[in-house]
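Structure record follows, encoded as structure tokens.
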Protein chains: 2
Amino acid sequence: MRRTKAEAKETRQQILLAAEKVFYEKGVAHASMEDVARAAGVTRGAIYWHFANRADLVLELYNSLPMPQEDLIARELEAENADVFGVLERVGREWLELLATDEHRQRILSILLRCDTSGEFAAISERQNDLDDEHMQALEAAFAKAEGQGKLDGAWTPRSAASMLRWVIKGLCSEWLLFGRRFDIASEGKDALHRLFATYASHAPSAR
Amino acid sequence: MRRTKAEAKETRQQILLAAEKVFYEKGVAHASMEDVARAAGVTRGAIYWHFANRADLVLELYNSLPMPQEDLIARELEAENADVFGVLERVGREWLELLATDEHRQRILSILLRCDTSGEFAAISERQNDLDDEHMQALEAAFAKAEGQGKLDGAWTPRSAASMLRWVIKGLCSEWLLFGRRFDIASEGKDALHRLFATYASHAPSAR
DNA sequence: CAACATACAAACAAGGCTGTATGTTAGTTT
DNA sequence: AAACTAACATACAGCCTTGTTTGTATGTTG
């Protein structure tokens, strides 16, 4: 019954896909490893061979998502006269489109959003929190740069602008994912982003 | 061992308090009824006497939170020349302060946010969703009224304004609750609300 | 082509937790 | 004060799960 390495990788992939499906449908807490195994067409033995336990399985699900290249964005923002708002708005749009078109991402993020973050999955949510912290720092720095360029309206501080942006994106995505995707996240999201960045810009040109 | 009615109510209250504490610390999924019973100084028998099961217990926890009087707010907005933005901003501020000062609310909402909404607790999250829907409709109607009064900046539609407001408040509260309350939600929240409503107002008077 | 490691399946052991059924004591009603 | 019932405690049955261990056939390597 021994499989070749390539076949094993495929098995692992099958398990991940099955986990995504089962966890999404039944919830991480209420789905058993047996459920996942059945859905993958293997036994629990296979799962425990490839993954240490359920938490590890969920973690690997999360790791299977390619994340946007942050360093690349950071480099774009390095230039002295970088168009901060332009870059940020574009990055936001790209993220929304990524989410809107990648169903795996949708399901996996739904799983993470719905799962009980205390206890066994604390590690995962902590990693997300750390990432969030980094994002906030980067965002704040970017807005500070815009402020230095005189482009940030006086009503905003770098921190308040960054916070608001994050809250909006998080709220948008959570609502869309948890709520049955009842609206067009790409179009409504881009819309919202555009409005938001318009209010950041110092003294809207009042183009009447 | 039979208790008087008043004592029984107290027992029930103790159980609710214990559940709040235990569920908050260990997570709803990973805490057993026995844990709750011990924390309350009773046995599981008492819990099952007062509550049907764990889901019911959580539901009653949620029900124990007094909710803002929405009809009252609606009435305030009914007046022909009502100050929509003023009322909404005040309501938002009041909600933030309520959350900031009521530790029970903080813990219970944290529990709800962290708990696995699929499966046994689906009913609760559905109720929240329904409430959210109502709020959205009310909000949209309010902004529509402001639009009718010529107070809503042309860049916004009632729907986009309402959505944005909700996303911001939700994002703000979730982050604060899930993230260890690492900032002053009352002050930062009011700040954000004020900025947001300023952008809603048609052509900010540019009070320089 | 041994010898070994890999990739699983199948069996096992153990436990924790839920829900319920039953027991018991003390209020409550008449 | 007897009869009834509310408010629990205790005991029980049973299930489902997890993690592990053992078995085994097959790649893989020297």
Side-chain angles (χ1 to χ4, degrees), chain A residues 1-19 21-61 111 115-116 118-124, chain B residues 1-19 21-61 111 115-116 118-124:
Chain A
M1 282 244 178
R2 165 95 195 278
R3 304 283 156 74
T4 175
K5 287 189 181 185
E7 289 172 324
K9 277 222 163 184
E10 225 174 272
T11 302
R12 190 190 132 100
Q13 203 49 36
Q14 286 304 315
I15 294 172
L16 280 172
L17 281 174
K21 176 183 164 141
V22 172
F23 287 160
Y24 178 69
E25 285 170 359
K26 303 185 67 171
V28 175
H30 213 255
S32 70
M33 299 297 248
E34 179 73 32
D35 292 332
V36 176
R38 255 197 306 269
V42 296
T43 65
R44 286 185 312 129
I47 299 185
Y48 277 100
W49 171 255
H50 286 283
F51 308 93
N53 48 40
R54 178 177 27 236
D56 184 44
L57 179 52
V58 174
L59 179 64
E60 288 307 309
L61 260 186
I111 291 169
C115 98
D116 193 325
S118 45
E120 20 177 350
F121 304 117
I124 304 177
Chain B
M1 282 242 177
R2 167 98 194 276
R3 304 284 157 75
T4 174
K5 286 189 182 184
E7 289 171 325
K9 278 221 163 183
E10 225 173 274
T11 302
R12 190 189 132 101
Q13 204 48 37
Q14 285 304 314
I15 293 172
L16 281 172
L17 281 174
K21 176 184 165 139
V22 172
F23 287 160
Y24 178 68
E25 285 170 0
K26 303 186 66 169
V28 175
H30 213 255
S32 71
M33 298 299 247
E34 179 73 31
D35 292 332
V36 175
R38 254 197 307 269
V42 295
T43 66
R44 287 185 313 128
I47 300 184
Y48 278 99
W49 172 256
H50 286 284
F51 308 93
N53 47 40
R54 175 176 29 236
D56 184 44
L57 178 52
V58 174
L59 179 64
E60 288 307 308
L61 259 186
I111 292 169
C115 98
D116 192 325
S118 47
E120 19 176 353
F121 305 118
I124 304 177

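In what follows, every chain begins at residue 1, and chains take the letters A, B, ... in the order their sequences are listed.
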request  = Quickly work out the B:Glu120 CD to C:dC17 C1' distance and round it to whole Å.
outcome  = 12 Å
Any B:Arg3 side-chain N or O less than 4.0 Å from OP1/OP2 of C:dA26 = no
key: Rounded interatomic separation in angstrom, taking CD from A:Glu7 and P from D:dA25   = 17 Å
ask   = Has the side chain of B:Arg44 got a donor or acceptor atom sitting under 3.5 Å from an opposite partner on the base of C:dG19?
value = yes
Sugar-phosphate, base or nothing in reach of B:Thr43, heavy atoms under 4.0 Å = base
query = Among A:Leu16, A:Leu59, A:Val36, which one satisfies side-chain contact (heavy atoms from CB on, under 4.5 Å) with A:Phe51?
reply = A:Leu16
request  = Return the value, rounded to whole Å, for the distance between atom CD of B:Glu10 and atom C1' of D:dC8.
outcome  = 15 Å
query = So does B:Ser32 get a side-chain nitrogen or oxygen closer than 4.0 Å to the phosphate oxygens (OP1/OP2) of C:dG16?
reply = no
message = So that I can tick it off, tell me whether B:Arg3 and B:Glu10 are bridged by a salt bridge, with the cut-off set at under 4.0 angstrom between side-chain N and carboxylate O.
response = no
inquiry  = I want to verify a distance call: between C:dT18, C:dT28, D:dA9, whose nearest atom is closest to the B:Ala46 side chain?
reply    = D:dA9
remark   = When every non-hydrogen atom of B:Ala37 is compared with those of B:Thr43, the smallest separation belongs to CB-C, 3.6 Å
key: Between C1' of C:dA11 and OH of A:Tyr48, the distance in whole Å   = 15 Å
inquiry  = Whole angstroms only, please: what is the CE-C1' distance between B:Met33 and C:dC17?
reply    = 10 Å
inquiry  = Without decimals, in angstroms, what is the distance between A:Lys26 NZ and D:dC16 P?
reply    = 11 Å
ask   = A:Glu34 has an atom CD; how far is it from atom C1' of C:dA9, in whole Å?
value = 12 Å
query = Does B:Thr11 make a side-chain N or O approach to OP1 or OP2 of D:dA7 shorter than 4.0 Å?
reply = no
query = Are OP1 or OP2 of C:dC8 and a side-chain N or O of A:Trp49 less than 4.0 angstrom apart?
reply = no
key: Nearest to side-chain heavy atoms of A:Thr4, which nucleotide of D:dC8, D:dT28, D:dT18   = D:dT28
query = B:Arg12 has an atom CZ; how far is it from atom C1' of D:dA6, in whole Å?
reply = 15 Å
message = Counting only side-chain nitrogens and oxygens, does B:His50 get under 4.0 Å of the OP1 or OP2 atom of D:dA7?
response = no
key: Residue pair B:Phe121 / B:Cys115: nearest heavy atoms and the distance that separates them   = CD1-SG, 4.0 Å
Backbone of B:Ser32 reached by a side-chain donor or acceptor of B:Asp35 within 3.5 Å = yes
request  = Between A:Gly45 and B:Ala31, name the one whose nearest nucleotide on DNA chain C is closer to the 5' end.
outcome  = A:Gly45
